Number of protein chains: 2
Amino acid sequence: MTRADAVRNRRLLMDAATAEFAENGMDVSITRIATRAGVGKGTVFRHFDTKEQLLAEIFSDRLEELVAAGECLSTADDPGAALLEFMTIGTEIQARDRSFCQAAAALSRSEATVRASRERLADVADTLVARARGAGAIRDDVTGLDIVLLLSAASQAVLSLGGPGGENPSLWQRYLAMIFDGLRPGPTHPLPVPAPTRAQFTG
Amino acid sequence: MTRADAVRNRRLLMDAATAEFAENGMDVSITRIATRAGVGKGTVFRHFDTKEQLLAEIFSDRLEELVAAGECLSTADDPGAALLEFMTIGTEIQARDRSFCQAAAALSRSEATVRASRERLADVADTLVARARGAGAIRDDVTGLDIVLLLSAASQAVLSLGGPGGENPSLWQRYLAMIFDGLRPGPTHPLPVPAPTRAQFTG
DNA sequence: ACCTGAACACCGTTCAAGT
DNA sequence: ACCTGAACACCGTTCAAGT
């Protein structure tokens with residue numbers, strides 16, 4: 001049987017790692033995480049095969065947060081506003097978490113739990129896009145996967161300023177607004193390259 | 001006097017580091033770079049105070065590439081097309097270089113040489129934006145700094161797919177096109193947050 | 001069953017010894 | 001004046017020894 005202190009330590013480690021990764025990015029040391037959790041650093045590797053897997057677990061949690069929000073928005077009154085809200089939540093999560101973008105680029109296909117969350121994220125994005133398109137709120141050459149990939153864009157733009165968005169923590173809203181204006185219907189230019197396929201995304 | 005082998009080694013190191021950073025990101029080991037250059041790893045630290053400074057030197061070179069391209073485009077016939085071309089070149093540089101985005105986020109203010117290049121980049125972006133606005137090619141609430149920050153956006157979107165854009169190496173063009181459509185004049189929404197100041201960018 | 005810290009192979013960086 | 005590799009303090013990861 002799994003012991004009581006084991007489940008407690010696992011939770012302490014998840015909490016400590018979540019906070020440290022968010023504050024300092026994915027390069028924080030395991031020792032630092034273990035110390036913050038109040039356990040020996042050997043304990044980290046009893047609960048997680050590798051540092052990458054620990055990061056994946058947390059990254060997956062964040063993705064599920066976004067999936068849950070997206071599912072709520074799937075039945076909202078205004079499909080266009082719902083899609084914007086979905087992108088807002090997704091971008092805000094990244095703006096608050098230094099490790100999110102790094103994890104998105106570094107983990108991509110590796111861990112199974114991440115793959116599953118990404119699949120669900122793509123599903124809910126497809127739903128939101130379909131509804132928004134039906135309402136005429138967005139151009140019709142944009143796909144759900146496009147939306148998922150664009151989630152990183154606005155928060156990344158801000159990183160060039162320095163820190164975790166140290167000063168100007170809400171600047172991402174400006175670039176999200178610009179990007180969303182590019183998704184609107186109207187006199188758009190044809191896109192030069194076809195949308196990525198689901199297979200490319202899932203890996 | 002600086003010896004002949006010293007200037008030769010410095011060039012070999014810059015070339016090796018440029019290639020390795022582009023291919024494998026900024027986490028490649030100094031040993032690997034030194035080996036590729038054909039020198040002992042102690043030599044790296046004779047030419048560059050730190051790994052970060054070596055990265056900064058290369059990053060700065062890339063920025064100057066873009067500045068030079070921007071200066072050419074400052075006198076182009078079609079100011080709107082010139083701005084798009086500037087963003088295309090900037091995004092392509094990043095799509096080809098795994099370390100560029102990482103360096104942009106990690107170095108930001110630290111190194112003096114980077115600061116100078118960023119300043120010149122902001123200058124040329126201001127010029128291009130002013131001309132494009134004069135020609136009515138873009139909305140009038142977009143600044144030169146906005147353009148600089150948005151350069152990272154399109155290439156970052158693609159990173160969620162995995163690798164250095166392993167498969168689908170031209171997908172960034174799709175997202176750059178969308179983003180550029182968001183910069184066009186017309187029925188845009190007001191931006192929720194003011195543009196960043198030059199001081200914030202320069203650090 | 002689980003925790004722990006010493007031990008290992010790496011990393012970036014320093015520096016005494018060479019030419 | 002510069003090059004070099006051994007030496008140092010770290011890192012992620014493993015594992016024998018404890019409870």
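Throughout, a chain's letter reflects where its sequence line sits, starting with A, and its residues are numbered from 1. Predicted model only: the values in this text are computed from it and were never measured.
- With A:Glu23 as reference, A:Arg36 is the one residue of A:Arg36, A:Arg32, A:Arg98 to meet the salt bridge (Lys or Arg N to Asp or Glu O under 4.0 Å) rule.
- Place B:Asp49 and A:Thr2 on DNA chain C by their nearest nucleotides, and A:Thr2 ends up nearer the 5' end.
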Between B:Thr113 and B:Ser60, does a side-chain hydrogen bond (donor to acceptor under 3.5 Å, both in side chains) hold up when you go through it step by step?
CA-CA 7 Å; B:Thr113 164; B:Ser60 202; 2.9 Å; yes
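- Contact between the side-chain N/O atoms of B:Thr43 and the OP1/OP2 oxygens of D:dC2 is not found at any separation under 4.0 Å.
- No donor-acceptor contact under 3.5 Å links the side chain of B:Lys51 to the base of C:dT13.
- Closest to the B:Ala6 side chain, of the nucleotides D:dG12, C:dT4, D:dC3, is D:dC3.
- Among the protein residues, B:Val44 comes within range of no part of the nucleic acid, since none of its heavy atoms lies under 4.0 Å from any strand.
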Test side-chain hydrogen bond (donor to acceptor under 3.5 Å, both in side chains) on B:Ser117 and B:Glu64; report intermediate values, then the result.
CA-CA 6 Å; B:Ser117 294; B:Glu64 288 300 332; 2.8 Å; yes
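- No N or O donor and acceptor, one from the side chain of B:Lys41 and one from the base of D:dT4, sit under 3.5 Å apart.
- The partner of C:dA9 cannot be assigned: no Watson-Crick or G-U wobble pair with both contacts below 3.5 Å exists in any strand.
- Across the strands present, D:dT4 finds its partner in C:dA16; the criterion is a Watson-Crick or G-U wobble pair with both atom distances under 3.5 angstrom.
- At a threshold of 4.0 angstrom between heavy atoms, the contacts of B:Val28 are confined to the sugar-phosphate backbone, with no base atom among them.
- Across D:dG12, D:dC2, C:dC3, the shortest atom-to-atom separation from the side chain of A:Ile30 is found for D:dG12.
- Within the 4.0 Å cut-off from OP1 or OP2 of C:dC2, not a single side-chain nitrogen or oxygen of A:His47 is found.
- For A:Arg10 and C:dC3, the CZ to C1' distance is 16 Å, given to the nearest whole Å.
- Taking atom CZ of residue A:Phe48 and atom P of nucleotide D:dT14, one finds them 15 Å apart after rounding to whole Å.
- Partner of B:Glu119 under the side chain to side chain contact (heavy atoms under 4.5 Å, CB included) criterion, chosen from B:Val67, B:Val114, B:Thr202: B:Thr202.
- Atom C1' of nucleotide C:dC11 and atom CG of B:Leu54 are separated by 15 Å, given to the nearest angstrom.
- Rounding to whole angstrom units, CE of residue B:Met1 and P of D:dC2 are separated by 9 Å.
- C:dC3 atom P lies 6 Å from atom CZ of A:Arg3, rounded to whole Å.
- Within 6.0 Å of CZ in A:Arg198 there are more than 12 heavy atoms belonging to other residues, nucleotides or ligands.
- Distances shorter than 4.0 Å separate some side-chain N or O of A:Asn9 from OP1 or OP2 on C:dC3.
- Rounded to an integer number of Å, the gap from A:Asp5 CG to D:dT19 P is 15 Å.
- The CZ atom of B:Arg46 sits 10 Å away from the P atom of D:dA1 (whole-angstrom rounding).
- Atom CG in B:Asp27 sits roughly 9 Å away from atom P in C:dG12 (whole-Å rounding).
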